[in-house]
Every structure is written in structure tokens, then in C-alpha cells.
Visitor: 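This is the structure, below, for whatever I ask next.
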Amino acid sequence: MALKSLNNIWIRRQQCPCGDWKCYIKLEGDESTCQVTKSEIESTTTTTTSLYDTVFMPYVGQIFRTDDEAFEYYSTFARKSGFSIRKARSTESQNLGVYRRDFVCYRSGFNQPRKKANVEHPRERKSVRCGCDAKLYLTKEVVDGVSHWYVSQFSNVHNHELLEDDQVRLLPAYRKIQQGDQDRILLLSKAGFPVNRIVKLLELEKGVQAGQLPFIEKDVRNFVRACKKSVQENDAFLSEKRESDTLELLESCKGLAERDMDFAYDCTSDENQKVENLAWAYGDSVQAYSLFGDVVVFDTTYRSIPYGLLLGVFFGIDNNGKAMLLGCVLLQDESCRSFTWALQTFVRFMRGRHPQTILTDIDTGLKEAIAREMPNTNHVVFMWHIVSKLASWFSQALGSHYDEFRAGFDMLCRAGNIDEFEQQWNLLVTRFGLVPDRHAALLYSCRASWSPCYIREHFVAQTMTPEFNLSIDSFLKRIVTGPTCMQLLLEEVSAAASLAKQIPPRFTYPSLKTCMPMEDHARGVLTPYAFSVLQNEMVLSVQYAVAEMANGPYIVHHFKKMEGECCVIWNPENEEIQCSCKEFEHSGILCRHTLRVLTVKNCFHIPDQYFLLRWRQESPHVAVENQNGQGIDDDCAQTFHSLTETLLTESMISKDRVDYANQELTLLIDRVRNIAPSNCLYQP
């Protein structure tokens, strides 16, 4: 069976996380969707109208470069005038090829009587043809080797009424189903939606009134009927192709594992021994995780419709603020079971170390899997994943009140504490009648993962910044953009990871801006990226006033803004400082409020414990971590370094010593892994 090759197999996930498998998501700003919205329909109408203004009645002798150009011109004139045209007779010769084209009114000629079928009650169909004589005949002429077409005959005399604009758009010649709408119609039809409900749903999604789509219900019905057979054939073809391509990808993983001992992969199979899920990680990723595995991003943005697989990519953030690849998975579905396997496999690849925080999209199955497999890991949902879905969830239900809802939601995200959030949430859903809405219920059930007042104390490094989001997006687009197939996925991911490593650090050290001794001190410790973030806080700190309270704390507030006061506690004996904004706990960088208090207290150096190891210029080559993926303090790390250096020096004296050390170290590692973790050695 010959079918056309698959082009770009990856698209953004469109399944809504609310749990209703028939619910469809169109993300704000998603350029991958091709569907025609209300504004696009109006834009098309406006463009067509502007074309009408430049089209005049054809005339005998008018010249066109091609016959297609002439047909488009006549078709535009016809729509403006209230009728449509069709191609009639064409004449060709051996020398010139086709040298005559006849275009006629859609009501030209008469319907030829057909032989009646042998049925009891044959259906009598009325014909629209009434012998209309409106026509445009073209003749081809070649002058100096250049061919052109000229109008040899033209008549604009009709023997029927011409249609108004709201009627002429319904003629078959002007009714078209765009590619994006075709995909949506097939998806809904496969989900069991009848044609009349598909049409109503498309009208709701596009925000147009009934009957204002660029096609009618009959067109949808004919399209579904015509595609039914090809869809069935294509499904069988894709099922076979998915199986063969996945096996080839698995063989590629096996081959890479033989060439690279640090490469790891794993898969699961169904009862028929067909590959269900597949995961892999590179040796460099495991090493990078040992240094920067405190925060992990699990991106599940893309899935493959032809292969029926979800692409999951694990990312980390290095000390230069860049996204780094940690691992990839292909999952057969978005169930809790599949996500559980993905998390288990990832942790095994990373030698049993759990991250301190994992950031994902909003998904109930993924939420349950993380709670089960990573109970000591903080789960955070990216705010931009929430915001990108709001229009799809609420714009149709709220109509003209949606902008007010968005303003209220933005205010909700600025709530200072949990009690304030709960109060504002209740007011928001009550005001807009969203108490019974399932999407509002989903947001509320996951509030502890996305609301800023809930996640403020969760360490996320700098993963929630727009720059890091763009870093991930550019990495993913290098994988999924353009023609591809499953067999090449492993190579594409490896190439993208290698390209990311080849790109030099984006940040260079900026010049000093405040002349503070603390700024010069930080510049000598932090990476350019981390220093630029801290320097920005230093620059902004001069805009804040400090008031010392009687019992010790300091109240820090902006010199203009009345809201947003922060309470800072400074202990000079232990050189410990805390701020109620929790910025250091959130990102690992001191906030403007604490920096302002340190300045007021004549501190010329930032206490060393507020330079996290992950943001320093020189990270250790081997980072020892506890079960939560948190780095142990410098003294422990230096002790292990000293022991390993001594062991290496003594072992290299003879081959017997090397063999003995290798044997004993292997046993020691196995014993250490079997020790159940009890308590944390370090808290950031």
C-alpha cells in the first residue's frame, strides 16, 4: 500500500488535563494550529473584498500570462457579481498542447438525463443548470517563443437571478475546509461526535454565529464519509509502521550502549511483546545531574499523532542558567502508570538520586505519579502552562467578561499569603459563576503546585524565568521541527544536546554598577549568569527604605510603593539573614531586601553560605548528594576528594593494587546503595 511519507510527526499536546478525553486545548500563541478563527474568517473576507475592488468586468482581448491566472480573475469577478464558474471544454493540439479553455457559469447547460437505477423509489434530484449563456473563452497564442492567453469570447448575460454576498459564499465553489479544520473534524469524528455536533463545536471554538463557517454541514458529512476508508487503511499502516520504527529505535539504543558504556536505556513491552515505553539517557547527562540535579524540568509538550506516543524530556539548569538535557522518554499514553514508569526509570538512570524540585505541566496523572514515586520532592507547575490554557478553558464560557476574569486571575497570583489566595479565589469563581466548572476545579485542586504563595519556599533555581523557558523551547524545536521519523529521534536528540554544549555561555561579567564592596566580592565567586541576577537585585535595593523594629526584625519597603513590605531578620553572630519574600529559598540568590539590610548594617561581604555551590564559578567535578539530590557541604566533599586522591595514588603502584581496589570499590558501592536513607546531611 503506497502512502505519502510522514512529515513533521510531532505536534503540541491538545488533550486537556481536566480528565475529559473529548476536551480539546488550543494554547494561546500556539503557532502550530492551523484552524481558522473568527478573526481569520473576517480577515479573509476583508482580503477578498479588497481584491474585488481591483477586479473589473473581463473583456475580449484581455491578456493573461496563464490560464490559471485567467480562471482566478474570472472566479473573483463571479463571486463579486453573485455567481460561480466552472471549467468546461478544453482543446489541444500536438504542437501547442492545450490552446483553448472554456469557463462558464455554474448554471450553464442542462442536466443530461441519467439512466434510472433499478430501485422502487428512485431519488429525483433537481439540477441548478438552466442553460445560462454567461461564459469566458480563452485562446493561447505564442509570440516570439512566449505564450500568453487572451479572451476570445466573453458574455455576462445570465438567465437567472444573481445571489447576494451572504448567499454566494454558500455556493460549492467557495466552500472550503482548511487543513486545520480537517484534522479537528477527523479527531472529533473518531471520538464519536455526530456531524451536527461537530459543526456546532467548531462554531463555538471559532466564536462565530451559527451558519457563518466557511463550509456547511453537508461538506463536513461528505468529508467524513470520504475519509473514513482512507483513515482505516492509514490506521493499519501507522500501527505497523509504529511497531517497526520503535524496534529500530530500540536497536539504535542497543548499538549506542555497546559503543558508550555510560549510555543507559530501558523499555517496557505489552502482552504481544510490542514496545510500549522507551527511555534513554546519555553519560554526560548523568554527570551533569550529579552537579545540578537539585531541580529537574519534565517537559511533555509534544506528542506524535501518527505514532501515538508522548515525548517526555528531562532538563536541568546549569550554573550559567542554560537548559541541559538529562534524559528522554517515549510513552504510549498519558496515564499515571506510564508517568510512574518514566519517573522510576529516570531516577534509576540518575543512580537513585531524587531531585529537590520537579517542574511540569499541569496533569492529574503526572501529579499522582510524582506524589507516589518522589514523595520528598517538591512538585511545581509552570505558571506559563497555566496561563496559556486560560483562554481555551474560560473565554467561550465568559464571553466579553473574560478580560475581567484575566485581570482578577492576575491579581490572584499576586496574593501575599495562602489565606489571601483562598479568599480571592472564592470571590473570583463566585463572581464569574465558575464554581461548578471542571477546569476551575482542576486549577483549585492543583493550587499548591502553581500558586506563587504556595510554592514560594520551593527551590526552583532560575527555571521559572522567561529566558530559561526560551532555552527549553529552542532545544525542543531543534528536535521536533521539520520532517522526521522515529528512527532518527535518537540522533536528533543527541545532535541537539551536542549543539547546546557547543554554544558558549550567554553571559559575560557585566561591569560594576553600585561600587558596593559586596558587589565586587560576589563577582569573584559567582558565575557571570548568577552574578548578573544578584547585581540586578543590588541595583534595585537602593530604592528601599529600612526601619528597625524594637524586637530586632527590619521592615523593608519601597520608597514609592505602599504595598509589598518585607520582614528581614538579621543575626550578626551567625551571619544568618532571612526575608519574608523567600527569594533565596526560591532561587538561591539573595533578594534586594536582604541586600539592603546588609548594606545598612555595614556588611562589606556577603556571608559565604549564601553563595550556593550550584551558582559558583567552580563546581566540584564530583558532587556527592543525598537522597533528595541536594549537595553536601564543602567539608564533606573535600574529605571524599582527599580520600579518592590518596586511593588513586596508592593503587597505581601496581596492577595487583588496581585490581584489588576495583574489586573492593565495586562491593563498597553496592553496600552503600543498599543502606536505607535516614536523614538529610544538608539543607540549603
Side-chain angles (χ1 to χ4, degrees), residues 10-30 32-33 184 187-188 191 201 204-205 277 296-305 308-315 329-343 357-374 377-398 402 405-406 409 412-413 425 428-429 434-452 454-455 463-464 469 472-473 476:
W10 301 106
I11 66 168
R12 289 185 180 271
R13 288 173 66 189
Q14 298 176 337
Q15 184 66 45
C16 179
C18 68
D20 184 355
W21 64 279
K22 295 181 181 179
C23 188
Y24 166 82
I25 283 289
K26 180 179 179 181
L27 301 178
E28 292 182 1
D30 188 358
S32 65
T33 56
R184 181 72 174 132
L187 181 65
L188 293 172
L201 185 58
L204 287 174
E205 289 178 348
N277 307 311
V296 169
V297 175
F298 184 33
D299 189 281
T300 54
T301 301
Y302 291 93
R303 71 170 293 111
S304 170
I305 294 296
L309 294 173
L310 175 71
L311 174 64
V313 185
F314 291 93
F315 291 99
V329 294
L330 290 172
L331 304 177
Q332 66 167 346
D333 54 38
E334 302 166 25
S335 64
C336 176
R337 174 177 169 270
S338 295
F339 285 131
T340 298
W341 179 84
L343 296 174
T357 305
I358 185 169
L359 297 97
T360 70
D361 195 351
I362 182 171
D363 189 289
T364 53
L366 184 53
K367 175 186 174 184
E368 184 179 344
I370 292 173
R372 179 185 303 172
E373 296 300 320
M374 299 179 173
T377 297
N378 299 316
H379 181 204
V380 174
V381 173
F382 281 114
M383 178 58 72
W384 56 71
H385 284 312
I386 299 291
V387 173
S388 66
K389 297 177 176 65
L390 291 179
S392 181
W393 283 344
F394 303 114
S395 61
Q396 294 296 331
L398 299 179
Y402 173 71
F405 168 79
R406 274 302 306 270
F409 185 85
L412 176 74
C413 294
W425 174 268
L428 186 68
V429 295
L434 297 174
V435 175
D437 187 90
R438 68 176 184 274
H439 298 122
L442 172 65
L443 279 177
Y444 187 73
S445 67
C446 298
R447 65 192 182 282
S449 298
W450 61 265
S451 176
Y454 278 93
I455 66 174
T463 55
M464 300 191 76
N469 181 31
I472 286 183
D473 192 52
L476 290 173

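Here the structure is a predicted model, which is why all the values come from computation and not from measurement.
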Visitor: Calculate, to the nearest 0.5 Å, the distance between atoms CZ and CG belonging to Arg438 and Leu443 respectively.
Guide: 12.5 Å

Visitor: Of all the heavy-atom pairs spanning Trp450 and Cys413, show the shortest one and how long it is.
Guide: CZ3-SG, 4.2 Å

Visitor: Between Thr360 and Ile370, what is the shortest heavy-atom contact and its length?
Guide: CG2-CD1, 3.9 Å

Visitor: Run the salt bridge (charged side-chain N to carboxylate O under 4.0 Å, His left out) test against Asp473 and tell me which residues pass, sequence neighbours left out.
Guide: Arg12, Lys477

Visitor: So, using side-chain contact (heavy atoms from CB on, under 4.5 Å) as the criterion, who are the partners of Glu368 when residues are at least two apart?
Guide: Cys336, Arg372

Visitor: How are the rings of Phe298 and Phe314 set to each other: parallel, tilted or perpendicular (split at 30° and 60°)?
Guide: parallel

Visitor: Would you mind reporting whether Asp299 and Phe382 have side-chain heavy atoms less than 4.5 Å apart?
Guide: no

Visitor: Taking Gln332's backbone N and O only, do any of them form a donor-acceptor pair with Asn277's side chain (distance below 3.5 Å, no angle check)?
Guide: yes

Visitor: What distance separates Ile455 CD1 from Asn378 CG, expressed to the nearest 0.5 Å?
Guide: 10.0 Å

Visitor: So which atom in Arg447 and which in Tyr454 form the shortest heavy-atom distance, rounded to 0.1 Å?
Guide: NE-OH, 3.3 Å

Visitor: Looking at every non-hydrogen atom in both residues, tell me the closest pair between Ala440 and Val429 and how far apart they are.
Guide: CB-CG1, 4.5 Å

Visitor: Got a donor-acceptor contact below 3.5 angstrom from the Ser388 side chain to the His385 backbone?
Guide: yes

Visitor: Check side-chain contact (heavy atoms from CB on, under 4.5 Å) between Ser445 and all other residues, then give those that pass, not counting sequence neighbours.
Guide: Leu442

Visitor: If you look at every heavy atom in Ala369 and Phe339, which pair is closest and at what distance?
Guide: CB-CB, 3.8 Å

Visitor: Would you find a donor on one side and an acceptor on the other, under 3.5 Å apart, between the side chain of Trp341 and the backbone of Leu331?
Guide: no

Visitor: Would you find a donor on one side and an acceptor on the other, under 3.5 Å apart, between the side chain of Tyr402 and the backbone of Phe394?
Guide: no

Visitor: Can you see which heavy atom on Trp384 is nearest to which on Met464, and at what distance?
Guide: CZ3-O, 3.6 Å

Visitor: Distance check, rounded to the nearest 0.5 Å: Leu343 atom CG versus Ile358 atom CD1?
Guide: 5.5 Å

Visitor: Working to the nearest 0.5 angstrom, can you tell me the gap between Leu311 CG and Arg303 CZ?
Guide: 10.5 Å

Visitor: Please assess Asp333 against Ser338 for the test side-chain hydrogen bond (donor to acceptor under 3.5 Å, both in side chains), listing each intermediate value before the final yes or no.
Guide: CA-CA 7 Å; Asp333 54 38; Ser338 295; 2.4 Å; yes

